[in-house]
Amino acid sequence: DCAPFLLPVSVRRQWLGCTSLGVSRTIDWLQKHNKYLSSAREAVSEAERAHNAAIASSNEMQQVQAVALAAQAADRLHEAELKHHVGALRCDIVKVRHDEHLLEDGLFLMNVHAQSANKLEVQFIGENGFGDGVTQGFFSGIAKILQTRSVNKTVPMWAIDTTESEGVLGNKFGLIPKPLPPRHTDNAEMAQTRAQILNRFKFLGRLMGKAHLDGYIVPLPLTTEFFSLVKGQKLSRSAISLIEGKNGFMSGLLNVVTA
């Protein structure tokens, strides 16, 4: 931590993947980065693409060759897995409700699953879809909800640039946390609001951690200043314009002081 420049990012990522997430995740990480398994999986993917192209071309000779190539690639992958594959990562499958219930179910899910090192697969109640695409849809759906003005009005996580009550937050610089008054000035209502905001950011941290762990993304348009705050760094004076715009009171006051 004192001298991160001594080791490149790739080495630090390897150290994190091998030591910080438990034995099961370590084995899974090593298997994913095993050159023999990776090469075999790439061969299978290439064979599948060739097979799909052959079917689209309606050429019988190409189709026969593509089938033979796919079979060889599958045999190679099977052989590589027998030699180098220890086991699959345990997966927890959960079902959540869609639309207006998604945030509520997401909050409950992150509370329950936050301490688990198992892979998370999300499915939607009443739908037949499953797999990585559906799980990514869960993370994307939560991200979309957290950007809506109505949800942000209930739990004001983000600074807003207009007074509109509907739609999605539209700060052109991205999302940045809404500043809160000093804690010692809180009345009972503000103390409750502060607790709700902190709990919502705790949920966001768990959501992003879980997504990153399993190779998904949470598509929130966060500012670089947000990550500076996460790292405990101080923001420059220019960050005020991210919250109230260039024509705000504090921005104008700073311009006068600078002049």
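Listed by first and then second residue, the ring pair (Phe, Tyr, Trp, His ring centres under 6.0 Å) pairs involving residues 113-157 are His98-Phe124, Phe139-Tyr216 (not counting sequence neighbours). Residue pairs that meet the ring pair (Phe, Tyr, Trp, His ring centres under 6.0 Å) test with at least one member in residues 175-213, sequence neighbours left out, are Trp158-Phe201. Pairs passing the side-chain hydrogen bond (donor to acceptor under 3.5 Å, both in side chains) check and including a residue from residues 133-145, sequence neighbours excluded, read Gln136-Ser140.
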- request: Any chance you could lay out the side chain to side chain contact (heavy atoms under 4.5 Å, CB included) test for Leu146 and Leu175, step after step, and finish with the verdict?
  value: CA-CA 10 Å; Leu146 293 179; Leu175 298 177; over 6 Å; no

- prompt: Does the pair His101 and Ile125 meet the rule for a side chain to side chain contact (heavy atoms under 4.5 Å, CB included), with working shown?
  reply: CA-CA 11 Å; His101 301 291; Ile125 296 174; over 6 Å; no

query: After noting the C-alpha distance and the side-chain angles of Glu104 and Arg97, does the key distance pass the side chain to side chain contact (heavy atoms under 4.5 Å, CB included) rule?
result: CA-CA 9 Å; Glu104 178 185 353; Arg97 295 170 294 177; 3.6 Å; yes

task: Walk me through it: do Asn152 and Lys178 pass the test side chain to side chain contact (heavy atoms under 4.5 Å, CB included)?
output: CA-CA 10 Å; Asn152 192 63; Lys178 180 179 180 179; over 6 Å; no

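Val112 is linked by a side-chain contact (heavy atoms from CB on, under 4.5 Å) to Phe108, counting only residues two or more places apart in sequence or in another chain. By the side-chain contact (heavy atoms from CB on, under 4.5 Å) test, Gln192 is found to be paired with Gln196, residues two or more places apart in sequence or in another chain being considered. Qualifying side-chain contact (heavy atoms from CB on, under 4.5 Å) partners for Ser228, counting only residues two or more places apart in sequence or in other chains: Gln233, Leu235.
Looking at every heavy atom in both residues, Asn118 comes nearest to Ser116 through N-OG, 3.2 Å. Here the closest non-hydrogen pair linking Val218 and Ala211 is CG2-CB, 3.7 Å. Of all heavy-atom pairs between Gln147 and Pro221, the closest is OE1-CD, 3.3 Å. The minimum heavy-atom distance between Gly106 and Ile142, with the atom names listed, is CA-CD1, 4.3 Å. The two atoms that bring Lys210 and Leu120 nearest to each other are CG-CD2, 3.9 Å, heavy atoms only.
At least one side-chain heavy atom of Leu107 sits less than 4.5 Å from a side-chain heavy atom of Arg200. Residues Thr185 and Met190 have side chains not in contact (no heavy-atom distance under 4.5 Å, counting atoms from C-beta outward). Between Met157 and Leu204 the shortest side-chain heavy-atom distance falls below 4.5 Å. The side-chain heavy atoms of Leu229 and Phe226, taken from C-beta on, include no pair separated by under 4.5 Å. In this structure, the side chains of Glu121 and Val94 stay at 4.5 Å or more apart for every pair of heavy atoms.
Summarising the geometry, atom CD1 belonging to Ile197 is positioned 11.5 Å from atom OG1 belonging to Thr154; distances are rounded to the nearest 0.5 Å. Atom CE of Met110 and atom CE of Met208 lie 12.5 Å apart (nearest 0.5 Å).
There is no path of hydrophobic side-chain contacts, each under 4.5 Å, that joins Val168 to Ile217. Both Leu207 and Val230 belong to a common hydrophobic cluster when Ile, Leu, Val, Met, Phe, Trp and Tyr are linked at side-chain heavy-atom distances under 4.5 angstrom.
Heavy atoms of other residues, nucleotides or ligands lying less than 6.0 angstrom from CD of Gln115 number 12 at most. Within a 6.0 Å sphere centred on CG of Asn187, other residues, nucleotides and ligands contribute more than 12 heavy atoms.
The closest donor-acceptor contact from the side chain of Arg194 to the backbone of Pro181 lies under 3.5 Å.
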